Amino acid sequence: MSGVNAGLLRLTRSTLASAALVAIVAALAMAYTSGGGASRDSLIAEMLSNFILVLGMQVFIGNTGVLSFGHMAFAQIAAYATAVVGIPLAAKAKALPDIPFGLDSVHYGPLGATVFAIVVTIIIGGIFGIAVSRASGLAPTMITLAALFVVEQLVKNWKELTRGAGGLSGIPRLEGNGWLWVGAFVALVVAHLFQETRIGRFAIATREDELAAPALGIRLFSARWAAWVVSMGLIALGGSLRAQSLGSVNPKQFTLDSGILILVMLVVGGMRCVSGAVLGTVLITAGNELFRQLGDPQRLDIERFPDLFLGGTMLLVMLLRPGGLLGDRDLAGWLRRRTYRRPPPTGEEPRAGSNTLVAAEIEVHFGGFVALDGAGVTVRPGEVVGLIGPNGAGKTTLFNVITGIVHEQGGRVTLGDRELTDAKPVDIARAGLARTFQNLRLFKNLSVRENVTLTELVAARHRSHRVRPDADTLLADAGLTEWADRQAGTLDYGNQRRLELARAAALAPDFLLLDEPTSGMSDQESQAMVESVRSVATRVGAGVLVIDHDLGFITRISDHIVVLNEGRILAEGTPAAVRANPLVAEAYLGSSA
């Protein structure tokens with residue numbers, strides 16, 4: 001399928017899914033407003049602006065897994081940006097006589113004011129997002145929270161631009177809820193489409209595993225920053241339309257409490273899918289209004305009754321459905337599976353690469369402990385090299401040095417003429433080294449096929465010179481075709497190991513680096529893995545460097561074996577020579593072997 005046709009198909013799926021969700025919400029809204037007055041219309045307007053804000057959060061939080069408390073800061077920026085260019089000039093001159101940046105003579109209509117707000121917010125938010133996207137652990141969440149407090153103080157104290165805590169009024173109000181419905185539909189299409197794009201799928205991979213994604217050639221920063229920028233655009237749209245719907249803006253509309261309300265909507269429905277964001281918004285809006293009315297003094301006279309509803313709902317969902325009510329069940333995902341068509345085979349025969357992988361004189365110290373002391377390994381094109389040794393010999397450390405996870409204090413790593421000694425894991429993967437991990441690191445919430453196709457996307461751009469078998473071919477070789485649409489985390493252990501191998505092979509690497517691929521397997525499963533490794537390596541024309549404690553597996557699969565002991569090379573040679581070496585028998589097999 002050509003790139004244009006694939007893009008049109010993604011747009012069509014996103015549009016259909018979005019139209020269906022809007023139609024469902026519109027039907028519920030019509031049923032609700034048909035028996036009431038203006039207050040019900042106002043609640044629908046509030047729901048729709050929240051709807052857009054929730055989708056803005058979903059694009060970043062749901063796809064990257066990074067929690068943000070600061071998105072409402074940027075909704076506030078958009079709302080004030082809308083106000084300072086949307087308020088008529090005469091009213092602006094009275095409210096903001098000292099307004100800076102020449103804005104005293106600027107006036108836009110509703111559409112122009114919305115576009116202006118989106119552009120301003122994306123620029124400010126995009127710069128701020130660099131810090132968020134580079135941070136790790138709890139730091140990005142705290143950075144976003146700091147942004148909320150900083151923007152709140154700026155709004156309250158920059159009176160020449162914002163009029164302070166009293167806010168701004170006189171924004172021309174939108175008639176009816178038509179523009180809010182349009183905004184909700186646009187936000188849905190963008191959110192759906194982002195999850196279908198290459199960079200959006202990479203963002204999802206970073207959510208699933210921050211270590212495995214770079215090892216497959218996916219750059220964390222660019223994927224997360226792209227999600228952040230798209231998120232800023234939708235948050236700005238929601239903030240701008242909310243200001244124009246109300247006709248005014250003030251800091252009380254964008255507090256931490258209001259941000260937590262939006263976050264609850266996202267979490268309750270299911271943050272990993274767009275349909276969950278829609279469901280959560282509708283349920284929390286309806287429940288919040290119901291409990292607000294029930295808490296009225298004329299009924300139960302319970303103060304802050306909606307807060308009790310929010311807290312109770314969150315508690316129940318977290319206990320019973322930690323992934324949200326919908327989890328990963330998304331309408332767009334269902335359409336994607338229904339419209340999936342296997343690409344035609346290329347018909348090209350795989351060829352082994354021409355580069356040799358060399359790790360020489362590697363030294364690694366962890367404090368005073370010497371993990372590697374001049375160790376190394378050489379793997380030639382198409383060759384299978386086994387790396388063995390007793391526990392603590394330094395095998396995995398050497399693997400991690402080669403793949404850029406651990407930095408060496410001495411020695412060098414090269415792939416042909418390319419120096420990889422100081423390269424990052426993502427660049428090493430794109431250069432042609434794909435690895436598996438001692439502890440399984442699948443993208444467990446994604447389907448079996450999606451695990452493999454994500455790596456295919458990297459290979460299509462960075463490994464285009466290599467023959468690249470399609471995902472379905474690799475899944476067939478691994479015996480996983482019938483489970484292609486199942487979540488990877490639901491497979492049994494042996495099939496998860498085979499999936500990890502197929503995912504690495506989808507990178508079309510020069511070399512596959514396998515860290516204990518038979519760990520936890522029976523003898524029968526180990527024998528099957530021998531056949532899988534050789535089959536997959538042949539399929540992509542890759543050499544193999546493999547660690548394993550199962551000597552039978554290593555000798556059956558390897559052309560050459562390197563034995564490590566206490567961070568040094570103890571012996572190397574053919575499987576027969578290594579087995580016959582008395583030093584190996586003493587250090588690895590035991591003196592009685």
Side-chain angles (χ1 to χ4, degrees), residues 42 45-57 60 68-88 91-92 95-96 99-101 103 106-126 128 144 147-175 177 179-180 182-184 186-187 229 231-263 265 281:
S42 297
E46 180 183 348
M47 182 194 71
L48 289 173
S49 64
N50 286 340
F51 189 95
I52 301 169
L53 294 172
V54 171
L55 288 170
M57 280 195 176
F60 181 70
S68 168
F69 288 117
H71 268 61
M72 293 302 282
F74 301 96
Q76 186 166 207
I77 289 173
Y80 273 93
T82 301
V84 298
V85 298
I87 296 174
K92 192 192 306 185
L96 299 169
I99 189 170
F101 309 124
L103 292 171
V106 177
H107 177 256
Y108 297 138
L111 181 59
T114 303
V115 172
F116 175 80
I118 292 172
V119 171
V120 168
T121 306
I122 286 177
I123 292 173
I124 296 173
F128 187 83
T144 62
L148 183 66
F149 296 145
V150 168
V151 170
E152 181 181 22
Q153 292 305 311
L154 281 174
V155 166
K156 288 181 178 179
N157 291 285
W158 198 351
K159 297 182 180 180
E160 294 83 4
L161 184 65
T162 66
R163 204 167 170 240
L168 291 168
S169 59
I171 306 170
R173 296 187 62 177
L174 298 172
E175 293 295 330
N177 292 334
W179 280 109
L180 287 169
V182 171
V186 169
V229 170
S231 176
M232 288 296 100
L234 295 185
I235 283 289
L237 177 62
S240 177
L241 290 179
R242 170 172 284 188
Q244 294 180 78
S245 175
L246 296 173
S248 63
V249 58
N250 67 73
K252 294 180 181 179
Q253 298 169 358
F254 303 96
T255 61
L256 179 59
D257 284 351
S258 62
I260 290 175
L261 175 64
I262 299 298
L263 189 58
M265 293 177 179
T281 304

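Quantities reported herein were computed from a predicted structural model and do not represent experimental measurements.
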Item to complete: Could you tell me whether a side-chain N or O of S231 sits under 3.5 Å from a main-chain N or O of G56, the two making a donor and an acceptor?
Response: yes
Discussion item. Apply side chain to side chain contact (heavy atoms under 4.5 Å, CB included) to residues L246 and Q253 and explain how you reach the verdict.
Written reply: CA-CA 11 Å; L246 296 173; Q253 298 169 358; 3.6 Å; yes
Worksheet item: Do K92 side-chain atoms and V106 backbone N/O form a donor-acceptor pair below 3.5 Å?
Response: yes
Discussion item. Once you measure the plane-to-plane angle for F116 and Y108, does it fall in the parallel (<30°), tilted (30-60°) or perpendicular (>60°) bin?
Written reply: tilted
Worksheet item: Roughly how far, to the nearest 0.5 Å, is CD1 of I77 from OG1 of T162?
Response: 12.0 Å
Worksheet, complete the sentence: Here the pair of heavy atoms bringing A83 nearest to I171 is CB-CD1, 3.6 Å
Worksheet entry | I262 CD1 to F254 CZ distance, which is reported to the nearest 0.5 Å | 10.0 Å
Response to the item:
Closest non-hydrogen contact found for A184 with L48 is CB-CD2, 4.3 Å
Fill in: Over all atoms of both residues, closest heavy-atom pair of A75 and L53
CB-CD2, 3.9 Å
Practice prompt. Evaluate the side-chain proximity of P251 to V155: yes if any heavy-atom separation is below 4.5 Å, no if none is.
Written response: yes
Discussion item. Can you confirm whether the side chains of Q244 and T82 place a donor and an acceptor under 3.5 Å from each other?
Written reply: no
Worksheet, complete the sentence: Rounded to the nearest 0.5 angstrom, the CG-CE distance for L261 and M72 is 8.5 Å
Worksheet item: If you round to the nearest 0.5 Å, how far is CD of Q76 from NZ of K252?
Response: 13.0 Å
Discussion item. For Y80 and L168: C-alpha separation, side-chain torsions, deciding distance, then whether side chain to side chain contact (heavy atoms under 4.5 Å, CB included) applies.
Written reply: CA-CA 8 Å; Y80 273 93; L168 291 168; 4.0 Å; yes
Response to the item:
Taking every heavy atom of A79 against every heavy atom of V249, the minimum-distance pair comes out as CB-CG2, 3.6 Å
Worksheet item: Can S169 and S248 be counted as having a side-chain donor-acceptor contact under 3.5 angstrom?
Response: no
Discussion item. Show the nearest heavy-atom pair for residues A73 and A147, with the distance to one decimal.
Written reply: CB-O, 3.8 Å
Discussion item. Run the side chain to side chain contact (heavy atoms under 4.5 Å, CB included) test on L161 and L103 for me, step by step, so that the C-alpha distance in whole Å, both residues' side-chain angles and the decisive distance to 0.1 Å come before the verdict.
Written reply: CA-CA 9 Å; L161 184 65; L103 292 171; 4.0 Å; yes
Worksheet item: Backbone N or O of S245 within a donor-acceptor pair of the R173 side chain at under 3.5 Å?
Response: yes
Worksheet item: Got a donor-acceptor contact below 3.5 angstrom from the S240 side chain to the L237 backbone?
Response: no
Worksheet item: Measuring from L111:CG to W179:CH2, what's the distance to the nearest 0.5 Å?
Response: 5.5 Å
Discussion item. Applying side-chain hydrogen bond (donor to acceptor under 3.5 Å, both in side chains), can you list everything that pairs with T121, at least two apart in sequence or on another chain?
Written reply: none
Worksheet item: Any donor and acceptor pair, going by atom type alone, linking the side chain of H71 with main-chain N or O of I235 inside 3.5 Å?
Response: no
Discussion item. I want to check something: taking the side chain as every heavy atom from C-beta on, are P172 and P88 in contact at a cut-off of under 4.5 Å?
Written reply: yes
Worksheet item: Can you list the steps and then say if R242 with N50 is a side chain to side chain contact (heavy atoms under 4.5 Å, CB included)?
Response: CA-CA 8 Å; R242 170 172 284 188; N50 286 340; 2.3 Å; yes
Worksheet entry | R163 CZ to L96 CG distance, which is reported to the nearest 0.5 Å | 7.5 Å
Worksheet item: Looking only at heavy atoms, which two atoms of G233 and I118 are closest? And how far apart?
Response: O-CG1, 4.1 Å
